[in-house]
There are 2 protein chains.
Amino acid sequence: MTDDLMTIREMCDHFGVTARTLRFYEQKELLSPIREGQKRLFTRRDRARLKLILRGKRFGFPLEEIRQLLDLYDVGDQQLTQYTRTITLAETHLNELKAQRAELDEAIRELADQLEWGRNMLASMEQDEAAE
Amino acid sequence: MTDDLMTIREMCDHFGVTARTLRFYEQKELLSPIREGQKRLFTRRDRARLKLILRGKRFGFPLEEIRQLLDLYDVGDQQLTQYTRTITLAETHLNELKAQRAELDEAIRELADQLEWGRNMLASMEQDEAAE
DNA sequence: GCAAAAGATTACGTTTACGTCAACGTAACG
DNA sequence: CGTTACGTTGACGTAAACGTAATCTTTTGC
């Protein structure tokens with residue numbers, strides 16, 4: 001509660017990104033830290049957004065797409081029409097995520113199978129080695 | 001069974017990628033189609049690998065990393081030492097995938113919650129609109 | 001009160017993952 | 001036998017996502 005605001009370096013340490021990255025994201029309008037004179041101060045909102053940005057990246061979403069989606073999370077004071085559009089966009093995105101999960105599950109299953117097979121193979125290889 | 005081999009265009013149609021992409025992947029040693037004279041012919045192995053490549057990309061893995069991992073899937077005639085290394089690499093990768101799934105689940109939960117909240121908000125906004 | 005540290009801006013460089021010609025080979029069709 | 005379609009190899013171009021100085025204020029520790 002003492003400080004709701006973080007300097008750029010604190011952000012870097014906390015999230016494991018460079019200052020350049022944070023400035024880049026600001027320029028791309030993904031973040032909007034407030035200014036104390038010249039310096040940037042990152043709010044709780046910025047941190048929440050950055051977390052989502054990094055998560056999105058890990059799943060292969062381009063920054064531009066992520067930018068669109070970020071507005072789903074801080075529902076501000078939008079107009080009804082705009083808001084409806086936001087909702088449908090969220091639904092679309094949610095379906096995408098679920099599809100990804102299905103594929104990810106498949107990938108996990110396949111790799112796990114492969115691994116089991118591989119471990120058996122390894123065992124018999126060691127067998128042969130010992131028989132030499 | 002009639003043809004185990006596909007031309008470059010058949011591959012493009014089947015996977016929704018361009019010829020340039022396939023040649024690029026070959027150059028990067030992710031694929032290794034055989035040659036009929038000058039022309040490329042893609043085998044079943046190539047198709048399996050391409051599927052994995054595209055999947056990997058969807059989860060945000062860079063091509064170079066994907067290349068390393070591809071060898072996990074076609075376990076050829078490796079030496080024991082090499083093979084052991086391959087296995088551990090696979091285990092590492094599997095853990096990564098599981099971690100990704102956990103995070104993906106979290107993302108889905110959060111977004112679903114947000115959506116529900118949003119839908120309620122939307123309902124009350126329409127309420128207000130009607131009361132006007 | 002002054003040097004070191006932290007932050008800012010501007011601008012050019014880099015890597016990844018292809019796109020986009022250009023120029024050529026060849027094979028099949030009418 | 002010409003042209004149309006499919007394929008090949010360079011080679012250069014490009015968009016995204018930062019990296020990397022270079023140069024300038026602004027704090028802050030001693």
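Given the structure is predicted, the values throughout are model-derived calculations rather than measurements. Naming convention: chains lettered A, B, ... in sequence-line order (proteins, then strands); numbering from 1 in each chain.
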Does the side chain of [X] get closer than 4.0 angstrom to OP1 or OP2 of [N] through an N or O atom?
| X | N | result |
| --- | --- | --- |
| A:R40 | C:dG7 | no |
| A:T18 | D:dG19 | yes |
| B:T21 | C:dA17 | no |
| B:Y25 | C:dC18 | yes |
| A:R67 | D:dA16 | no |
| B:K39 | C:dA27 | no |

In terms of side-chain heavy atoms of A:P62, which of D:dA17, D:dC18, C:dC18 is nearest?
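From the listed options, D:dA17 comes nearest.
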May I have the distance from [X] (atom [atom1]) to [N] (atom [atom2]), rounded to whole angstrom?
| X | N | atom1 | atom2 | value |
| --- | --- | --- | --- | --- |
| A:F24 | C:dT10 | CZ | P | 16 Å |
| B:I8 | D:dA5 | CD1 | P | 18 Å |
| B:Q27 | D:dT8 | CD | P | 14 Å |
| B:L22 | C:dC18 | CG | C1' | 12 Å |
| A:R9 | D:dT28 | CZ | P | 15 Å |
| B:R23 | D:dG7 | CZ | C1' | 7 Å |
| A:R35 | D:dT26 | CZ | C1' | 14 Å |
| A:L50 | D:dA17 | CG | P | 14 Å |

Is it the case that more than 12 heavy atoms not belonging to B:R35 sit under 6.0 Å from its CZ atom?
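For B:R35, atom CZ is crowded (more than 12 foreign heavy atoms under 6.0 Å).
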When all nucleic acid strands are considered with a 4.0 Å heavy-atom cut-off, which category describes B:K28: base, sugar-phosphate, or nothing?
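It contacts nothing in the nucleic acid.
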Under-4.0 Å salt bridge between A:E106 and B:R58
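Looking at B:R58 together with A:E106, the answer is no, because their closest N to O distance does not fall below 4.0 Å.
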Polar side-chain atom of A:D46 near backbone of A:S32 as donor-acceptor pair, under 3.5 Å:
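Yes; judged by distance alone, with no hydrogens or angles, the pair exists.
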Rounded to the nearest 0.5 Å, what separation is found between the CD1 atom of A:I87 and the CH2 atom of B:W117?
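Taking CD1 in A:I87 and CH2 in B:W117, the distance rounds to 9.5 Å.
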Nearest-nucleotide wise, let me know which of B:T7 and B:R20 is further upstream toward the 5' end of DNA chain D.
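Nearer the 5' end of the strand: B:T7.
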Ring centers of A:H14, A:F42 separated by less than 6.0 Å:
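Ring centres of A:F42 and A:H14 not closer than 6.0 Å.
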